[in-house]
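Quick notes on the structure that follows.
Note that ligands are numbered from 1 as they come in the structure, with each ligand's atoms numbered from 1 the same way.
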Amino acid sequence: MSAWENNVRRVVPYVPGEQPKEKNIIKLNTNENPYPPSPLVLEKKLSLEKLRLYPDDKASLLVDAIADYHGVNSNQVFVGVGSDDVLAMAFMTFFNSDKKILFPDITYSFYDVWAELLGIGYERQKLDDSFRIKAEDYYKENGGIVIANPNAPTGIAEPVLFIEDIVKKNQDVVVIVDEAYVDFGGESAASLIDKYDNILVVRTFSKSRSMAGLRIGYALGSDVLIKYMNDVKFSYNSYTMNMPSIILGAESIKDEAYFKQTIEKVINTREWFKDEIEKIGFCCPPSSANFLFITHNTVSAREIFERARENKIYVRYFDKPRIDNYLRVTIGTREDMEIFLDFLKKNV
Ligand SMILES: *Cc1c(COP(=O)(O)O)cnc(C)c1O
């Protein structure tokens with residue numbers, strides 16, 4: 001080992017779902033939307049000559065479009081390079097006490113990675129046996145709270161009153177609500193940002209807006225909270241949002257009809273698929289997201305995962321305590337799900 005390696009910041013990185021290079025696969029492993037972005041996005045002409053210029057450091061076009069959409073002020077909106085960037089910035093900005101932050105034992109597996117990276121102490125709170133969050137676990141002293149709602153990888157959503165209760169009982173810390181999947185059936189806590197100055201609601205264009213490739217995420221919160229985040233962002237990298245993301249993100253927001261239509265298709269496919277797999281021995285919690293968290297009564301999840309992969313069908317398997325007999329299956333097109341269903345019928 002070289003001497004300089006003693007001074008390396010050592011981290012165990014987050015492992016994203018596979019992005020296989022092969023063609024003709026069925027990809028149900030990273031919760032991407034199976035439908036293309038809005039035609040307004042696809043048809044927008046970009047003046048690429050402008051790429052010689054720095055983009056707007058405030059990303060005003062996008063920030064204003066998001067603010068209008070949610071009926072909030074522009075100073076209540078923070079944008080970042082996907083919600084992963086927004087969440088990392090929020091951790092950096094708000095979790096600086098010597099008390100531990102709290103999040104569920106089964107949740108988005110990036111939270112503990114950021115906490116480790118930034119030296120933030122954390123304590124996982126156990127979900128109950130049906131994978132529900134127990135609100136009481138979040139009443140004790142803490143340095144901050146992060147809750148994904150709907151939760152990942154379970155897909156289970158809690159009502160906004162449940163979130164409000166946690167926010168109300170924790171007004172001395174910041175509560176982050178990660179709403180990556182809320183458009184697929186959850187109830188947003190965005191309505192709480194005018195009532196509580198300590199809640200940050202984080203959203204993304206990656207799933208419901210079919211724009212994972214552009215990397216657009218945002219947060220809604222009180223103007224004070226957003227100002228603190230911008231101070232950190234401008235101390236780190238002024239130009240996080242590139243010109244195409246700013247312009248195409250704003251285009252997407254304009255197309256409410258298309259947005260609603262694709263979401264409805266995903267939800268309908270999800271409910272149809274859930275009914276079908278329940279007939280062949282699977283069971284899964286009710287999902288308010290664009291995926292299902294499934295387990296079979298006889299065949300192990302790992303076995304199904306491996307056999308599916310051999311058949312060029314990719315789903316997500318987590319080799320982790322309590323969930324190692326589950327698969328997280330992204331809802332694809334109806335055609336993709338029919339192929340996966342046929343595969344399951346032959347393999348369980
Ligand atoms: C996908 C996801 C994100 C990150 O999405 P971005 O593509 O970075 O916007 C954040 N939180 C959860 C729970 C997710 O599933």
| Taking N or O atoms only and a 3.5 Å limit, does Ser206 qualify as a polar contact for ligand 1? | yes
| said: Less than 6.0 angstrom from the centroid, inside 45 degrees of the normal: does Lys265 satisfy that with respect to the ring of Tyr35? | reply: yes
| request: Could you tell me whether the side chains of Tyr314 and Glu22 share a donor-acceptor contact shorter than 3.5 Å? | output: yes
| query | At what distance is the nearest protein heavy atom to atom 15 (O) of ligand 1, and which residue and atom is it? | reply | Tyr181 OH, 2.5 Å
Which donor-acceptor pairs under 3.5 Å do side chains of residues 77-87 form with protein atoms, sequence neighbours excluded?
residue: Asp84; atom: OD1; partner: Tyr108; partner atom: OH; Å: 2.7
residue: Asp84; atom: OD2; partner: Tyr108; partner atom: OH; Å: 3.4
residue: Asp85; atom: OD2; partner: Val81; partner atom: N; Å: 2.9

| Nearest option to atom 14 (C) of ligand 1, as decided by whichever heavy atom of Met211, Lys207, Glu32 sits closest | Lys207
| task | Measure the distance from atom 5 (O) of ligand 1 to every protein heavy atom, then report the residue, atom name and distance (to 0.1 Å) of the closest one. | result | Ser83 OG, 3.2 Å
| Taking heavy atoms and a distance under 4.0 Å, where does Phe205 meet ligand 1: side chain, backbone, both or neither? | neither
| note | Result for side chain to side chain contact (heavy atoms under 4.5 Å, CB included) between Phe103 and one of Ile147, Asp112, Ile145 points to Asp112
| said: Between Asp197 and Ser222, do the side chains contain a donor N or O and an acceptor N or O under 3.5 Å apart? | reply: no
| For ligand 1, is there an N or O atom under 3.5 Å from any N or O atom of Asn31? | no
| remark: Nearest non-hydrogen protein atom to atom 8 (O) of ligand 1, with distance, is Arg215 NH2, 2.7 Å
| said: Residue-level breakdown please: for Asp178 versus ligand 1, do any non-hydrogen atoms fall below 4.0 Å on the side chain, on the backbone, on both, or on neither? | reply: side chain
| said: Whether Glu18 and Arg316 form a salt bridge (side-chain N of Lys/Arg under 4.0 Å from carboxylate O of Asp/Glu) is what I want to check. | reply: no
| With a 4.0 Å cut-off, would you call Lys27 and Asp336 a salt bridge? | no
| query | For ligand 1, which atoms have a heavy atom of Gly82 less than 4.0 angstrom away? | reply | 8 (O), 9 (O)
